[in-house]
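Positions are given from 1 along the sequence.
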Amino acid sequence: LPATPRPELARHNIPAAVAALLPPGPLESALAQGLRFVPLPEGRPLLLVGPPGAGKTLTAAKLAARAVMAGAAPLVVTTDGARAGAVEQLAAFTRILRLTLAVAAQPEALGKALAGRAHGQSAILDGFGCDPFNSEHAARLLRLIRAADAAPVLVLPAGLDAEESGEIARAFHALGARHLVATRLDAARRLGGVLAAAAAGLAISEGGVSPNVSEGLVPLDAAALAARLLRPATELRA
């Protein structure tokens, strides 16, 4: 059964094995010691991976907006050519940002799209909705990762069942993911799934805190996550 020695975290349904990673003491310090908090990697294309509906496309738009506001123009590519409206949704964001959207559903096309970017230009790749337990999906994802020499970043909604989140995170970790973006933190009341995903070997990097593209993604550190774990359940907004 989910259990935690910390009464203040009881409502988050944290699995006992995950709770055991948090040493006694202030929560912020315990999170910093028991889990990893690392910014998203730089230098390699970021491939946003995750199950269908996790928020990958909106996260890609938020990362692109952040780069534009910092004075850069990233290459934005979608690899999701199957989901109805997927290309149109991201294209709507990139038009506002005055960026060109490339569509590359196959590894060869993705490699060509990345080969044409300017020196030092960052790349944000919107992945397809992947079931990591499906061998065909997993094989396709691995081909995309290799074609792009990408850093896969797991995008996973907060509020999922903790055991489910842990299983999904372990599966994507096996496929190369090392970083976690937790979406829907503004709406989730129980964050045990975020901790369970991190305990699967992922570094917590960013959190989606609103649908706002320009301000809806924030770096997550131990202090920020502790504050969200301790906030009253009735406080849903960022």
Side-chain angles (χ1 to χ4, degrees), residues 40-41 44-70 72-118 121-157 168 171-172 175-177 179-184 186-187 205-217:
L40 290 175
R44 295 171 64 193
L46 298 180
L47 175 58
L48 304 182
V49 303
K56 297 180 294 297
T57 298
L58 183 56
T59 299
K62 291 175 178 178
L63 288 171
R66 177 188 292 175
V68 168
M69 288 190 291
L75 174 65
V76 182
V77 184
T78 178
T79 68
D80 191 354
R83 181 169 63 89
V87 175
E88 292 79 2
Q89 181 185 5
L90 190 53
F93 291 124
T94 54
R95 279 194 297 270
I96 294 172
L97 297 171
R98 298 184 180 179
L99 299 174
T100 300
L101 174 65
V103 181
Q106 301 302 322
E108 297 78 11
L110 180 57
K112 289 180 181 179
L114 290 169
R117 60 180 168 151
Q121 184 181 23
S122 63
I124 301 165
L125 316 179
D126 182 20
F128 67 98
C130 176
D131 175 0
F133 307 105
N134 179 297
S135 59
E136 292 183 5
H137 282 208
R140 180 189 172 195
L141 180 58
L142 285 173
R143 290 194 297 270
L144 291 173
I145 293 170
R146 291 165 183 160
D149 187 26
V153 176
L154 178 59
V155 178
L156 200 62
I168 292 172
F172 277 104
L175 295 171
H179 292 261
L180 173 68
V181 174
T183 59
R184 302 175 194 165
D186 52 323
S205 298
E206 302 269 349
V209 297
S210 90
N212 188 307
V213 171
S214 63
E215 301 174 347
L217 189 69

Are any side-chain N or O atoms of [X] and backbone N or O atoms of [Y], one a donor and one an acceptor, separated by less than 3.5 Å?
X	Y	result
Ser214	Ala65	no
His179	Leu40	no
Thr79	Asp126	yes
Lys62	Pro211	no

Kindly give the heavy-atom pair with the smallest separation between [X] and [Y], and that separation in Å.
X	Y	result
Cys130	Pro132	O-CD, 3.3 Å
Arg44	Ala150	NH2-O, 2.5 Å
Leu217	Glu206	CG-OE1, 3.6 Å
Pro51	Lys56	O-NZ, 2.8 Å
Gln121	Leu75	NE2-N, 3.4 Å
Ala104	Val77	CB-CG1, 3.9 Å

Roughly how far apart are Gln106 CD and Lys112 NZ, rounded to 0.5 Å?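 Rounded to the nearest 0.5 Å, the CD-NZ separation comes out at 12.0 Å.
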Taking the side chain as every heavy atom from C-beta outward, state whether [X] and [Y] have any pair of such atoms under 4.5 Å apart.
X	Y	value
Thr57	Thr78	no
Phe128	Leu144	yes
Leu175	Pro152	no
Leu58	Val213	yes

Would you check, one step at a time, whether the test side chain to side chain contact (heavy atoms under 4.5 Å, CB included) holds for Phe93 with Leu101? CA-CA 9 Å; Phe93 291 124; Leu101 174 65; over 6 Å; no
Pick one: which of Leu99, Thr100, Leu97 meets side chain to side chain contact (heavy atoms under 4.5 Å, CB included) with Val76?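 So the option named by the test is Leu99.
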Any chance you could lay out the side chain to side chain contact (heavy atoms under 4.5 Å, CB included) test for Ser210 and Glu215, step after step, and finish with the verdict? CA-CA 8 Å; Ser210 90; Glu215 301 174 347; 5.6 Å; no
Report the C-alpha separation of Leu125 and Leu114 in whole Å, then their side-chain angles, then the decisive distance to 0.1 Å, and conclude whether the side chain to side chain contact (heavy atoms under 4.5 Å, CB included) test is met. CA-CA 10 Å; Leu125 316 179; Leu114 290 169; 4.1 Å; yes
Side chain to side chain contact (heavy atoms under 4.5 Å, CB included), that's the test. Do Leu63 and Leu48 meet it? Break it down for me. CA-CA 11 Å; Leu63 288 171; Leu48 304 182; 4.2 Å; yes
